[in-house]
Each structure stands twice: as structure tokens, then as C-alpha cells.
Amino acid sequence: MEIRPILSSLMRSKTGAVLLALQIAITLAFLVNAFFIVSNRVEAMNRPTGLDTDNQFRVMVTGTTPGYDAAREAPLDVAAIEAVDGVRAASPINAVPLSGSGWSMTVNNTTEDDGDDGINAALYMIAEHGLEALGVELVEGRNFTPDEVMAFGQNDTFSDSPTIITRRLAERMYPDESAVGKPLYMDLTGPVNMTVVGVVERLVGPWVGIDDWETVYILPLVEKGGTSQFLIRTEPGMRDTAMAAVEKVLQERAGSRLVRGLRSMDDVAARAYEDHRAMSIILGTVSAMLLVVNVLGVVGLASFQVNRRRRQIGTRRALGASRWDILRYFMTETGLIIIAGLVIGVFMSIGMNWGMMNLFSIERLELTWLPAAAGLLFVLGQLAVLGPARRAAAIPPAVATRSV
Amino acid sequence: MFTYALRLAWIGLKRNRLLTALMILAIGLGVGAFMTTYNVYHMMSSDPIPSKSDQLFNLRLDILPEGSSDSPGAGSDGLPQMMTYKDSTALMEAGRGQRQVAHFATGAIIDSDRPDVSEFVELVRVTGRDFFAMFEVPFIHGGAWSENEAREAARVVVISEAMNERLFGGGGSVGETIRLDNEPYRVVGVIADWQPVPRYYDLVNGEFNDAEGLFIPIELTEPLELGPSGNVSCNSSPEPGFLGFIQSECVWANFWVELEDAAAVAEYRGFLEAYIAGQHEIGRFQNSQNYAMETVTEWMETRNVTGEDTPVILVASFLFLLVCLLNTVALLLAKYLSRSNELGVRRALGAGRGDIFGQHVVESALLGIAGGLLGLLLAWSGLRAVDALYSDMSKLVVMEWSVVGLAIAAAIVAAVLAGVYPAWRASNIAPAAQIRSQ
């Protein structure tokens, strides 16, 4: 392995080697950080929500006549919707999970001032088929009964209600014990005593990615007013036909109403995660382009070196070097440059991550990505130089004897 | 002499077409990628109203309950992101700035008398009459409602050109009647297509959303019980009923004041601090007497309108451009040095170092122009791709002329810079050495 001659020859034509090493270094730093960001985003997109997004959709109905009361029409609408072929359950709901808009209140396990200000929790208001429409799993206690469901308007206030909460909220309010039967308090134009009657395994709030995403509580309330919003769940595969049918049924059921906002939960979820998906695609595309540019660069540079040294290669062959020796020489030379670039790149990766941690809210890099990216770059570089190196090896020894 | 350099450069580029193509591709990709992200970033962050953005101030008061620092309503500066209805209308009525406006958005069912137009639900901006003059909203028919009409809570409405088209088929509709939630309103003005990017007058409820198509006087809030459609943040419980709600400490309104110079700003601050102190006496503002009075661009910065992702992508595309340029330097070096024989002969025949250097810089510049044009084409497709990936960026993928110019200029400058070192190396090739036969 003739490393010393290679090194001394590199030293004489430093610039090309330095440029390539720098290129490799920046590419490694980019790849490592990009892989890291993309893996975080993909992980975020795959977090379980407790829903059944393939088979759910929502629709809104606005009454246009004065005196229209959504709370009065809602049970009739639910019955009409559930009669549609393929619909499994429907419920009025005040906010749609993952949609980015909803209600959030502060809840506490006591009304006394014990230094603990309570927890911020998302609030869903549903009727008796709401849990089934949401697709969530009840793990303790029971669902609401039909006579527990109340109408709720702006001028209304109430002081007692049953509530169903998520396991995450139960763990925070009542760690180490069952939350069923325990009280929960919120403030709504006056304190409200709620009693936990059931716990669901998981349900996410409307706002994606906030810290308290899974602290959610549910009340059996139907909003009064001009507009109803329904969440509907269908049997697998029936969603699209059911969506069209439900729209028609709601339009025909009662007088002049505006049926609008018909959207599948898949659509809502896609919109919620749009940023993550776009970032992953953009970083992935730029990474691929970066690899292409690097490969082209290595090929270009290596070809140039081979052309420049035709006489030298010919001479070596004439003196007894085999084709394999020549090939190995060029592979080693490029390999050394790439390794030098990768070493610089390791420091650049960490530096870049540190910079991004301070400027943007990226987390600290996990170094597991480093060997994978470095390995990929090394292999690609060697593959790239293979072509020119083989052409170099094909240079006949007779070149040494020619005089041009 | 320059035309000779151009001819030489052209011949040089044609000589090794593959290498030239590779270099143009590298420059084009790098410039294209960077220009795509720069265009989006530029549209997001540039001043939407440069003629008076430093005279328009968005106001926010600290109505948080005592001892709150982590309240969910507080933004990054610890203050609520919007104002209460009672504070914003009180300050608007006090009228101590050159102009001032309180506003929020509500939803309504819109209907006209024409049988061929079916009713629909729309967002309506409920605002003081100064809105139009303050934000320089252009009218094509009529104008804003009068002070009298505001005082009397007249049912008047200003509509957009698009809404005019939808409801009346276009034409002069001043004096016509439409219904909002079954209440008849008289049209007093039609505004031309106006879509500020970002929608700075209400950054909290969708910074890149469309401007509303209907505007009604804020004096109608109480008589018609107009509730807000958007973010509502209550840090203490409101009394029941609509009146209780609009008199509560819930925040959902915006307040803007126009102040023409530093003296006016100082005077307004004095008035504001006295107002806050007065309210403090009666038990409000117990957490602090802080307030935020920010110009358009300052408020955009506080709200982080550019978001978290765009700057990261901007940096990523810049790094990509850098790698493309390093690539170009290496390829140019390879290309120019492979002409050693020719250059040695030319030097021996009398070409000076400066001539050789200049000719190679011109060659790099030509590459830059070609790369820049390719980059523009790629940036245009890049922006189409961004539009496909994000549902709310349609206003940001419009290519501005300034960005087009910047792309070409950046490509030429980058290519010339990339070519400086290789051109210098080329000009250093000694004449005599190449004439001897090997």
C-alpha cells in the first residue's frame, strides 16, 4: 500500500484535493443533520392519536332561519346520519382533533389553593355516541348515558357534570389510583364540579405537537346556536360513499340549511402534518441532489487527474505495475481525500447541529447517524472513482515510449 | 479586446461540452434551489406596507391575572397576543392618535336579493372606520362609512371586488342591500382586490389567510351580538351572557394606532400609561402595567411569521449552493489546467497574464449567465413544487422581479468568484516550458 507516494503527490497538487475534501465535509454535515431532522419529523407524524382516521369525517350544518337551534336539531341529525348505509356512529362535537382549533381549559383535582394551578387540558363536547365516533378505547368506567347529555349555550352555566378523561390526564390528576369516581374542577362563569365516570386509553387534542397534547377531558354537552359540527365514523371502506350520502341526507332533512366543511379525517391529519411531510421531502430531495453533485464532482476530478497523468501511468505500467496496481492507486488516493473530508465533516456536523440548536429549536444530534452517512459517502465516492480508475488502468504501457 | 475574450470564452466552453454542461447544471441546481427558498422567505418576511409600516403600531396590554408568567394566553414576551373588547374600543373612542382602529372577525350567513345567488357563510371584519385609511385599502366605488353612520350603528357594509362580483355580478353596487344573518345592510363602498402578505392587521388568526370580503362597523357588536370567530383566550371566567363576554378579560380583538412621528409616539405612550394606571386603580392590570406597542415589522417578528421551518430550509439550500460552487471551482480548475499546452503557447506568443486572467473570468461569467438562466427555470419549478407541498403558500410562491434579478446576478457573481482562483492559476502558466517537446 503506497500511501506515502500518494500523499506526496497530493501535496503537490493540493487544491483539487482540498476542494473535494471540503465538499465531502459539508455534505456529511448536511446529511447527518438532515437525516436527524427527517427522522424526528417522521416519528412525530407516526405518533398514535387514538383515532380511526381512515374511516372518519366531519361536516358542519348552519341553520339560516332565525331561531334555529343546533342543540335541538342535533339528535335528529344524528339519527338521520346513522341511518345512512355504512355509518357506524355519529356525534355532535365542538372541535375536531388535529384541526388546530378547539377549546382548552384549566382543570384541577381540587378547588383548594395548594400551590398547584392545575393543568391545561383540551375539552371535547360530545353526545352519547361520541366515543364510538372518535374511535377511542374506553379502559375504565363507562360511557355517558343519553340522559346525561345537556344542551349548552353562551348564557348557560352548570355546576355538576360527569366527565370522561384520557389516561394521561388521569395519571397526572390521580397518579397511582383509579380516577373513576374522583372529582375534576374547572372554572366556567363559576366553578364546575365534574365527576370522572370513565377513562379512555388515548385521545389527542386539536393542537398538534404541544406538550399537553394528550391531556384531554370530555363532557356530555351539545352546543346551542346556529351551527352544528358532526364527527362521523364509518365501517372500513365505506367512508367515501357515506360522505356523499350524509351530505345529501343533511341537506334534505330540515328546511333551508347550509351543509358545509365536509372533510375526511385523513385530510385533517394531512393538513396537520403538512409541515413535517414537506420538510422531509425537501430535505430528502436536497440530500439526493447533493449526493449527485458530489458524485459528478468526484468523477470529473478523477477523470482530470487520470488525463493529466497519462505518461506517468504509462511509465509505471511499462516498469511492471499491473492494472490492479493502477486501479488500487487511484482508489486509495480518492479514498484518502474522502476520509480526510469525512473527518472534517464530523466536526462540521456537530458544529452545525450546535448552531441549529441555538438558532432554531432543533434538538441535540444523536451520533448514530454519523457512521451511516459517512459510510454512504465513502462508498459512493469510491464507486464514483471506479470508472476513471478503470480507464486509468487501461492505459497501455506503450504510452511511456511516445513523445507527446 | 472584450469581443476577442468573448470569442475565446465561447470556444473554450464548446471545447469540452460535457464538462461545460456539468458546470452549468451544478450552478443552475444550486442557484435554483436557493432562489426557491429565498423567494418564499422573502415574501414571508418583507414589509407589507413599506410606505408607513413604522407609523402603524399594534398594541397589547397585560390583562393576565396576578402572578401569571406561564399562562397559556401569554406569548413569547409574556403578554397576551390580543386585546380585550373593552380596552380596544375604549382606546379607539379616546382617539388620541392620528388614527386608530379596533377590529375582529365574525362569521355570518351572507344573502343577497338576487335569486340566482344562494346564501353562503363568510368571515366578516368588524372594524372601526379608520381601518381603510390606516391600512391604505383602495376603493373602486364609494368609500368608508361616515362618522355619523358609525355613531348611529347604521347597518352599512364595505365589500371587496370579489364579493361584489359574487353577489352582484360586478358593477356599481353602492346603495344596494345585502343581508348578513338576516339583517339588511346597505353597501357604501367596494374595495379593489387587496391581499396584504402577510395579513399583518390580524396576525394571530392566520397570517397568510385571505383578507375578508366584507367589513361592517364595530359599533354593531353590542346591538347585534356579534361574537368573534377566531382565537379567544380567557384567563378568568366571563360573566354569563353576551354582555358579560364582551366586558370580560377574554382577549380576541386587535387594536392599531397610527402615529406620525416620534413626538406623537411619546405623547401616546403618556396617554396609554395614564389609562393603564387608571384601570389599575379600579383593580385591573394587577399582574403588571407592561404593554407592547410594536410597528408592523416588529409585530411580525414577535409572532415569528417566518416560522420554524423556512429558515432551516433556507440554510439547507444555501449549503447546497455552497457545495455546488465548490464543485464548480474544482471543475474549472481541472478544465483550465488541462489547457496548459495551449496557454503556454499563447503566453509565448505574447499574451500577458492579465489577458489570460481576463479571458478566463469572462468564460466563468458566461457559465454564470447560463447557470443563472437554468437556475431561474429550476426555481420556477421549485416554487410550483412548494405550492404543491404546502396548502397555504399560494401567495408566497409568486416570483418577484427582484428575486429574478437577484438570481441572475447571484449566479454570475458566484460563477465569477468560483472562477477567480482557477483563472489566476491559468494565468500563471509559464510560457517557455510548454514549447519544448516532451
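Residue numbering restarts at 1 for every chain, and letters A, B, ... go by the order of the sequence lines. Fair warning: this is a prediction, and the values are worked out from it, not measured in the lab.
- In this structure, OG1 on A/T27 lies 9.5 Å from CZ on B/F320, to the nearest 0.5 angstrom.
- In this structure the side chain of B/L319 reaches within 4.5 angstrom of the side chain of A/M352, judged on heavy atoms.
- You'll find the side chain of A/F30 stays beyond 4.5 Å of the side chain of B/V323, heavy atoms only.
- Considering only heavy-atom pairs separated by less than 4.5 Å from chain B, the leading option among A/M356, A/R260, A/R277 is A/R260.
- Side-chain atoms of A/T15 and B/R425, non-hydrogen and from C-beta on, do get closer than 4.5 Å to each other.
- Every residue two or more places apart in sequence or in another chain that forms a salt bridge (Lys or Arg N to Asp or Glu O under 4.0 Å) with B/D113 is listed here: B/R179.
- Both the backbone and the side chain of B/L326 come within less than 4.5 Å of a heavy atom in chain A.
- Residues A/T157 and B/P240 have side chains not in contact (no heavy-atom distance under 4.5 Å, counting atoms from C-beta outward).
- Side chains of A/Q23 and B/L322 form no contact here, defined as non-hydrogen atoms less than 4.5 Å apart.
- With a 4.5 Å cut-off on side-chain heavy atoms, A/M279 and B/V312 count as touching.
- Only the backbone of B/F120 has a heavy atom closer than 4.5 Å to any heavy atom of chain A.
- With salt bridges taken as basic N to acidic carboxylate O contacts below 4.0 Å, one links A/R41 and B/D309.
- The nearest pair of heavy atoms linking B/C324 to A/V293 is SG-CG2, 4.1 Å.
- Listed options A/L296, A/V298, A/D275, A/T285 were ranked by heavy-atom pairs under 4.5 angstrom with chain B; first place goes to A/D275.
- When A/N307, A/L283, A/N294, A/I281 are compared by the number of non-hydrogen pairs under 4.5 Å with chain B, A/I281 comes out ahead.
- Separating the CE atom in A/M105 from the SG atom in B/C234 is a distance of 8.0 Å, to the nearest 0.5 Å.
- Here salt bridge (charged side-chain N to carboxylate O under 4.0 Å, His left out) pairs that include residues 227-250 of chain B, with residues two or more places apart or in two chains, are B/K86-B/E249, B/E249-B/R284.
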